[in-house]
Amino acid sequence: MKDRITAFFKRDFLINQLMQLYSLLLILVSVFIMLTLSLYTGVERFHSSWQMVENTGVQLDNYTQDKSGLMTDILGEFTNSDRQFETLRNYLNLSPAEYFEYTNEVYRTTGESIFVPTTLSRLFNIHGEIKEIAIRLEESDHYLKATKERPEGVKMVGTAIEMDESLYLIRSIYSPGNLTQVVGQLFVAFDDSMVLGTQGKENLQKGINSFLYSSNGQRLYDNSAHMTKEELSTLDEQMQQGREVPLASLEEDYYVKEIASREDRTILVLLSKKIIWKEILSFTGMIFFFGFLIIALLLLVLHRTFKRYSSQVRNIVAATKRVSQGNFKEQIDTDSVQQELKEIAEAINQMTVSINDYIEDIYTLEIKQRDAHMRALQSQINPHFLYNTLEYIRMYALSRQQEELADVVYAFSALLRNNTTQEKTTTLQQELDFCEKYVYLYQMRYPDKIAYIVTIKDSLKELVIPKFAIQPLVENYFVHGIDYGRNDNAISIKAYLAEGKIYIQVSDNGKGIDTKQLAAVKEKLADKEVELQNSIGLKNVHERLRGFYGERYQMHIDSTLWQGFNVTIILDEEVLKA
């Protein structure tokens with residue numbers, strides 16, 4: 001660990017100097033961005049919360065003003081005329097039977113049907129936001145409290161009226177004959193959930209408390225959850241004393257917004273300093289946490305990037321040194337290098353391939369020249385001499401009734417003729433005939449030990465293939481696969497068409513090979529590099545067929561130890577038209 005730190009701070013390495021510079025710039029820029037974002041977010045959140053405070057005050061003021069007009073309408077239902085007021089007074093002071101007799105008398109004498117329970121029920125039905133109505137007259141020691149459930153009202157003992165809802169308004173009741181004389185009070189409670197709506201819950205989450213006070217300091221409404229009972233008691237006392245700044249003792253903990261509403265009502269909206277600063281600091285802490293986490297990740301990525309870059313350079317330099325030592329098959333793994341280093345690696349790879357190809361071309365050309373010289377020497381021998389000699393031996397065998405020997409000589413002569421001709425290609429029928437004669441010779445040598453079958457579809461007989469494309473596969477069986485201790489050795493050669501493909505299959509029941517050997521053979525066949533070989537084996541056949549047919553050719557091999565070997569040559573049917 002110490003060595004890594006020492007290497008990191010070395011000044012004599014350019015890569016370390018660049019990494020230190022980039023790391024320092026990254027940290028400084030990131031910290032500046034975090035500070036700026038924190039400051040901007042804090043100011044924005046405070047402005048947003050204060051805007052909610054102002055909106056709450058305006059919304060509460062508009063709501064109370066609207067309901068104040070409704071209070072006037074409700075009051076008019078009971079005080080617009082002396083008869084209405086007298087009916088209300090009698091409803092409060094008389095028993096139900098006496099009041100019923102009174103209203104009947106009024107209806108008989110004047111034709112007016114004034115019934116307070118009916119008026120109350122109508123008000124509740126028309127104005128769904130009204131929850132409670134309370135009426136108190138100065139001359140009574142009780143008051144009437146009506147609800148939606150009991151619109152006729154219930155007479156409550158006492159003069160201190162308590163309303164169940166958090167928002168209610170109060171209106172003085174004046175005598176219809178003397179508008180300066182206060183004879184009672186009207187209390188109307190409204191559904192407090194409709195005052196601020198969904199903003200009320202959001203206000204509590206943001207630490208915003210809202211209050212509505214009457215002119216005498218009576219609390220008419222509150223939406224608070226962050227104030228203690230002592231704070232609420234202090235606030236109520238200061239409002240009842242009528243101070244101009246009612247929350248002076250609580251200003252250390254709250255930002256205060258005061259609105260003087262009409263009709264001498266006061267709206268207070270308090271923003272909790274503790275909650276707003278907690279929210280701002282919490283968000284700032286989150287910004288710095290994720291900021292430093294991102295810085296750490298970026299520094300880690302930066303370190304890995306520089307480390308990987310230097311490692312890629314070392315690999316390229318090492319590869320170029322091996323090339324300079326004469327290993328022209330050296331190839332740099334371009335998947336492990338990136339960007340400009342990848343271009344350099346690809347250029348080096350292309351250069352080594354070109355050099356290697358050039359060397360192989362020169363070497364192959366020299367081998368071909370030697371081979372051509374040898375062929376020229378061999379062509380000087382007259383092959384007809386051999387053919388005529390073999391034909392004389394065959395005719396002599398026939399004259400001595402040695403027909404089997406004559407057949408063997410004929411087969412050998414046909415094989416020799418096929419080997420000495422210079423043609424590069426042949427037909428599939430001729431190649432299979434040649435293979436059949438080859439097997440026949442072995443069958444003559446080992447009678448009753450070898451069986452063979454050769455089948456070919458008529459349409460494939462004239463298929464042009466490279467010479468000796470099938471014979472080496474048959475020869476491999478007799479060299480490597482046959483078990484002469486058995487009497488059931490068999491080899492099969494089939495040529496057929498299926499699903500647009502030509503299949504040439506050479507199968508035997510010989511010794512076969514195990515899975516490890518089979519994998520090695522397949523790997524060798526998959527190698528596309530051309531090898532110079534002295535023997536005509538499976539690899540040689542594969543390369544000549546691939547060079548002859550190109551992409552239209554495939555070879556599949558399969559084998560199981562002691563169960564045989566199978567080689568399948570697959571060609572596109574299009575080669576018949578070539």
Side-chain angles (χ1 to χ4, degrees), residues 38-68 129 131 162-170 187 189-285:
S38 299
L39 179 62
Y40 171 80
T41 304
V43 172
E44 185 65 25
R45 285 187 172 248
F46 180 80
H47 286 168
S48 175
S49 297
W50 190 251
Q51 185 64 44
M52 290 180 64
V53 168
E54 294 183 343
N55 292 340
T56 299
V58 171
Q59 186 173 348
L60 191 56
D61 181 45
N62 292 337
Y63 188 85
T64 54
Q65 293 298 335
D66 179 62
K67 300 313 172 189
S68 179
E129 67 271 26
K131 292 294 184 180
E162 295 182 359
M163 307 298 286
D164 295 336
E165 296 295 318
S166 63
L167 175 64
Y168 62 93
L169 299 179
I170 306 173
F187 291 74
F190 298 92
D191 186 358
D192 56 358
S193 64
M194 301 178 64
V195 179
L196 298 176
T198 57
Q199 187 175 344
K201 293 182 180 180
E202 188 176 358
N203 284 353
L204 296 179
Q205 295 175 353
K206 298 291 184 180
I208 299 174
N209 306 282
S210 50
F211 303 89
L212 176 65
Y213 284 91
S214 65
S215 58
N216 60 357
Q218 185 175 1
R219 194 194 319 158
L220 303 178
Y221 171 75
D222 74 88
N223 181 51
S224 62
H226 309 288
M227 298 185 68
T228 63
K229 292 183 178 180
E230 292 76 10
E231 291 175 335
L232 288 173
S233 177
T234 302
L235 177 60
D236 291 341
E237 290 176 3
Q238 291 182 350
M239 292 300 297
Q240 290 169 6
Q241 294 172 4
R243 295 182 181 181
E244 293 182 357
V245 185
L247 202 59
S249 62
L250 300 177
E251 284 188 340
E252 292 184 0
D253 300 321
Y254 298 92
Y255 296 104
V256 182
K257 176 69 176 180
E258 181 178 1
I259 299 176
S261 179
R262 288 168 283 183
E263 300 182 6
D264 296 328
R265 284 189 295 270
T266 300
I267 297 173
L268 284 178
V269 186
L270 310 179
L271 175 61
S272 174
K273 293 182 179 180
K274 179 180 178 180
I275 293 179
I276 185 64
W277 279 107
K278 181 179 180 181
E279 183 181 358
I280 292 174
L281 292 177
S282 175
F283 195 78
T284 300

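Owing to the predicted nature of the structure, the values given are computational and were not obtained by experimental measurement.
When every heavy atom of I276 is checked against every heavy atom of S49, the shortest pair comes out as CD1-OG, 3.2 Å. When every heavy atom of T64 is checked against every heavy atom of L169, the shortest pair comes out as O-CD1, 4.0 Å. Considering all non-hydrogen atoms of both residues, F211 and L60 come closest at O-CD2, 3.8 Å. Pairing each heavy atom of L270 with each of Y254, the nearest pair is CB-CD2, 4.0 Å.
In this view, V43 and L39, H47 satisfy the side chain to side chain contact (heavy atoms under 4.5 Å, CB included) rule, not counting sequence neighbours. Listed by chain and residue number, nothing satisfies the side chain to side chain donor-acceptor pair (under 3.5 Å) test with E44 (two or more places apart in sequence, or in another chain). For E129, the side chain to side chain contact (heavy atoms under 4.5 Å, CB included) partners at least two apart in sequence or on another chain are Y63, K67, L70, H127, F190, M194. Evaluation of the side chain to side chain donor-acceptor pair (under 3.5 Å) rule for S210 yields no partner, not counting sequence neighbours. Listed by chain and number, the residues in a salt bridge (charged side-chain N to carboxylate O under 4.0 Å, His left out) with K206 are E279 (sequence neighbours excluded). Qualifying side chain to side chain contact (heavy atoms under 4.5 Å, CB included) partners for W277, counting only residues two or more places apart in sequence or in other chains: Y255, K273, I280. T41 is linked by a side chain to side chain contact (heavy atoms under 4.5 Å, CB included) to L37, R45, F283, I287, counting only residues two or more places apart in sequence or in another chain.
Using a 4.5 Å cut-off on side-chain heavy atoms (C-beta onward), N209 and D222 make no contact.
Separation of atoms OG (S282) and CD1 (I275) is listed at 12.5 Å; rounding is to 0.5 Å. If you take CZ on F46 and CD on Q51, they are separated by 12.0 Å, rounding to the nearest 0.5 Å. Here the CG-CG distance, from N55 to N62, works out to 10.5 Å after rounding to the nearest 0.5 Å. Between the CG atom in L268 and the OG1 atom in T56 there is a gap of 13.0 Å [rounded to 0.5 Å]. E54 CD to L271 CG: the interatomic distance, rounded to the nearest 0.5 Å, is 11.0 Å.
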